[in-house]
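Here is the structure we will look at, set down as structure tokens.
Heads up: numbering here begins at 1 and tracks the sequence.
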Amino acid sequence: MEDQFIKAAGLIGDATRAAIMWTLLDGRAFTATELSVAVNTSPQNMSMHLGKLLEANLLAVEKQGRHKYYRFSSKEVAYVVEAMANLIPKPEISSKKKTENYPPIKYCRTCYDHLAGKIGVALANSLVEQKIIIENNNTFGISPEGEKWFSDFGINLEEAQKQKRIFLKPCLDWSERRNHIAGSVGTLLLNKMLEQDWIRRTKDSRAVIITGKGEKELLKNFKIVV
């Protein structure tokens with residue numbers, strides 16, 4: 001077990017491979033060429049790094065036509081990469097900066113397949129305060145009232161529980177240093193907000209735009225002031 005951990009840590013610890021993993025947190029699959037451009041390395045070097053990540057089962061590859069697309073082998077790999085970002089020292093914020101707008105990537109973003117940033121954390125806090133989600137010993141659970149709430153919100157929890165993945169878990173947000181919601185429930189919440197046009201993805205970024213409709217609905221449902 002120790003040897004396997006050291007090997008995995010060494011793979012991710014390489015600067016180029018770490019940049020590859022960070023890029024894939026976007027949630028999309030990338031070609032080797034796209035990753036080469038994103039992390040500023042040669043195609044030959046990229047091929048070597050991708051081979052090592054595939055061999056370690058940290059990445060998976062899918063062929064479509066002439067192209068090969070790379071992505072995380074599982075959602076759990078994405079959670080590990082996001083969690084590692086919490087090792088970044090939190091910068092001191094002056095009183096002047098506290099009044100300034102958040103950078104978009106810290107304000108509202110996707111964390112692979114769920115919502116993160118200031119808004120993602122506020123969403124989690126609201127659901128806990130409303131006792132829709134129960135927080136206990138750094139775990140999340142759904143209350144009986146919460147089951148009805150999710151049903152009324154249009155999210156089928158029974159279907160989510162059948163998925164072969166984590167159902168619901170807290171995920172420590174690297175910019176807020178507080179938990180947002182991960183797992184299949186987090187994915188369903190994100191997808192619902194996208195479908196209802198509360199939020200919109202932005203091109204070539206994990207930052208998410210909150211629409212005018214989204215501002216009203218976030219205030220109405222979660223008491224979040226945007």
- One should read off an interatomic distance between Leu127 CG and Leu168 CG, to the nearest 0.5 angstrom, of 9.5 Å
- Go through the steps for Glu55 and Lys52 under the test salt bridge (Lys or Arg N to Asp or Glu O under 4.0 Å), then give the verdict. CA-CA 5 Å; Glu55 184 181 359; Lys52 290 186 176 183; over 6 Å; no
- Rounded to the nearest 0.5 Å, what's the gap from CG on Leu50 to CE on Met48? Could you check? 9.5 Å
- Message: Same cluster or not: Leu54 versus Leu58, using hydrophobic residues (I, L, V, M, F, W, Y) connected whenever any side-chain heavy atoms lie under 4.5 Å apart?
- Response: yes
- Message: Any non-hydrogen side-chain atom of Leu189 less than 4.5 Å from a side-chain atom of Phe153?
- Response: yes
- Query: Applying the 4.5 Å side-chain criterion to the ILVMFWY set and letting contacts propagate, would Val121 and Val128 be lumped into a single cluster?
  - Reply: no
- Message: Salt bridge or not between Arg71 and Asp26? Use side-chain N to carboxylate O under 4.0 Å.
- Response: no
- Item | Main-chain N/O of Trp174 paired with Lys106 side-chain donor or acceptor, under 3.5 Å | no
- Message: Is the shortest side-chain heavy-atom distance between Ile166 and Lys75 below 4.5 Å?
- Response: no
- Item | Trace of the side-chain contact (heavy atoms from CB on, under 4.5 Å) decision for Met21 with Leu59 | CA-CA 9 Å; Met21 304 295 270; Leu59 297 187; 4.0 Å; yes
- Quick one: does Asp173's side chain have a donor or acceptor within less than 3.5 Å of a partner on Gly117's backbone? yes
- Task: Say whether Ser74 and Arg165, considering side chains only, have a donor N or O and an acceptor N or O under 3.5 Å apart.
- Result: no
- Item | Lys192 side, atom NZ; Ile155 side, atom CD1 - distance, nearest 0.5 Å | 7.0 Å
- Point-to-point distance, once rounded to the nearest 0.5 Å, from CD1 of Ile20 to CD1 of Ile12: 11.5 Å
- Quick one: are Asp14 and His49 in side-chain contact, heavy atoms under 4.5 Å? yes
- Do Arg201 and Leu194 come within less than 4.5 Å of each other through their side chains, counting heavy atoms only? yes
- Heavy-atom neighbours of Lys213 NZ exceed 12 at 6.0 Å: yes
- Separation between CG of Leu35 and OG1 of Thr16, rounded to the nearest 0.5 Å: 11.5 Å
- Query: Hey, does the side chain of Tyr69 reach the backbone of Ala60 with a donor-acceptor pair shorter than 3.5 angstrom?
  - Reply: no
- Task: For the pair His114 and His180, name the ring-plane relationship: parallel under 30°, tilted 30 to 60°, perpendicular over 60°.
- Result: tilted
- Between Phe222 and Asn125, does a side-chain contact (heavy atoms from CB on, under 4.5 Å) hold up when you go through it step by step? CA-CA 9 Å; Phe222 308 105; Asn125 289 343; over 6 Å; no
- Query: Centres of the Phe30 and Trp22 rings: under 6.0 Å?
  - Reply: no
- Message: Can a donor-acceptor pair be found, under 3.5 Å and without considering hydrogens, that links the side chain of Ser47 to the backbone of Pro43?
- Response: no
- Query: Would you say the side chain of Val225 lies within less than 4.5 Å of the side chain of Leu219, judging by non-hydrogen atoms?
  - Reply: yes
- Message: Please determine whether residues Met84 and Tyr79 belong to a single hydrophobic cluster, defined as Ile, Leu, Val, Met, Phe, Trp and Tyr linked transitively by side-chain heavy-atom distances below 4.5 Å.
- Response: no
- Item | Asp197 side chain to Thr211 side chain, donor-acceptor N/O pair below 3.5 angstrom | no
- Are the side chains of Met193 and Leu123 in touch, meaning some heavy atoms are under 4.5 Å apart? yes
- Item | Check: Gln64/Glu62 side-chain N/O donor and acceptor closer than 3.5 Å | yes
- Item | Closest non-hydrogen atom pair between Ala56 and Leu11, with its separation | CB-CD1, 3.2 Å
- Does a side chain donor of either Arg109 or Ser205 reach within less than 3.5 Å of an acceptor in the other side chain? no
- Will you find, in the side chains of Thr139 and Asn137, an N or O donor that is under 3.5 Å from an N or O acceptor? no
- State, with a plain yes or no, whether a side-chain heavy atom of Tyr70 is found less than 4.5 Å away from one of Leu53. no
- Query: Which value, rounded to the nearest 0.5 Å, describes the distance between Ser73 atom OG and Asn57 atom CG?
  - Reply: 4.5 Å
- Will you find, in the side chains of Ser143 and Glu147, an N or O donor that is under 3.5 Å from an N or O acceptor? no
- Item | Closest non-hydrogen atom pair between Glu82 and Cys171, with its separation | CG-SG, 4.2 Å
- Item | Chi angles and distances behind the side-chain contact (heavy atoms from CB on, under 4.5 Å) call for Leu157, Phe167 | CA-CA 9 Å; Leu157 293 179; Phe167 174 63; 4.1 Å; yes
- Message: Assigning hydrophobic clusters by single linkage (Ile, Leu, Val, Met, Phe, Trp, Tyr; side-chain heavy-atom cutoff under 4.5 Å), is Ile119 placed with Leu25?
- Response: no
- What are the two closest non-hydrogen atoms of Cys111 and Arg206, and how far apart are they? CA-NH1, 3.8 Å
- Item | Lys/Arg-Asp/Glu bridge criterion (N-O < 4.0 Å) met for Asp152, Lys148 | yes
- Item | Ala29 versus Glu34, closest heavy-atom pair with distance | O-OE1, 4.3 Å
- Side chain to side chain, Asn179 and Asn138, heavy atoms closer than 4.5 Å: yes
- Looking at Met46 and Ser36, what are the two nearest heavy atoms and their distance? CB-OG, 3.2 Å
- Closest contact, heavy atoms only, Ser126 versus Asn221: OG-O, 4.5 Å
- Item | Any donor-acceptor N/O pair, Asn45 side chain to Thr41 backbone, under 3.5 Å | no
- Hey, is NZ on Lys169 packed in by over 12 heavy atoms from elsewhere, all under 6.0 Å? yes
- Message: Is the distance between the ring centroids of Tyr112 and Phe72 under 6.0 Å?
- Response: yes
- Message: Is there a side-chain contact (heavy atoms from CB on, under 4.5 Å) between Leu190 and Ile199? Walk through the geometry before answering.
- Response: CA-CA 9 Å; Leu190 172 63; Ile199 57 177; 3.6 Å; yes
- Message: I'd like to know if Ile133 and Leu172 are part of one continuous hydrophobic network [Ile/Leu/Val/Met/Phe/Trp/Tyr, side-chain heavy atoms within less than 4.5 Å].
- Response: no
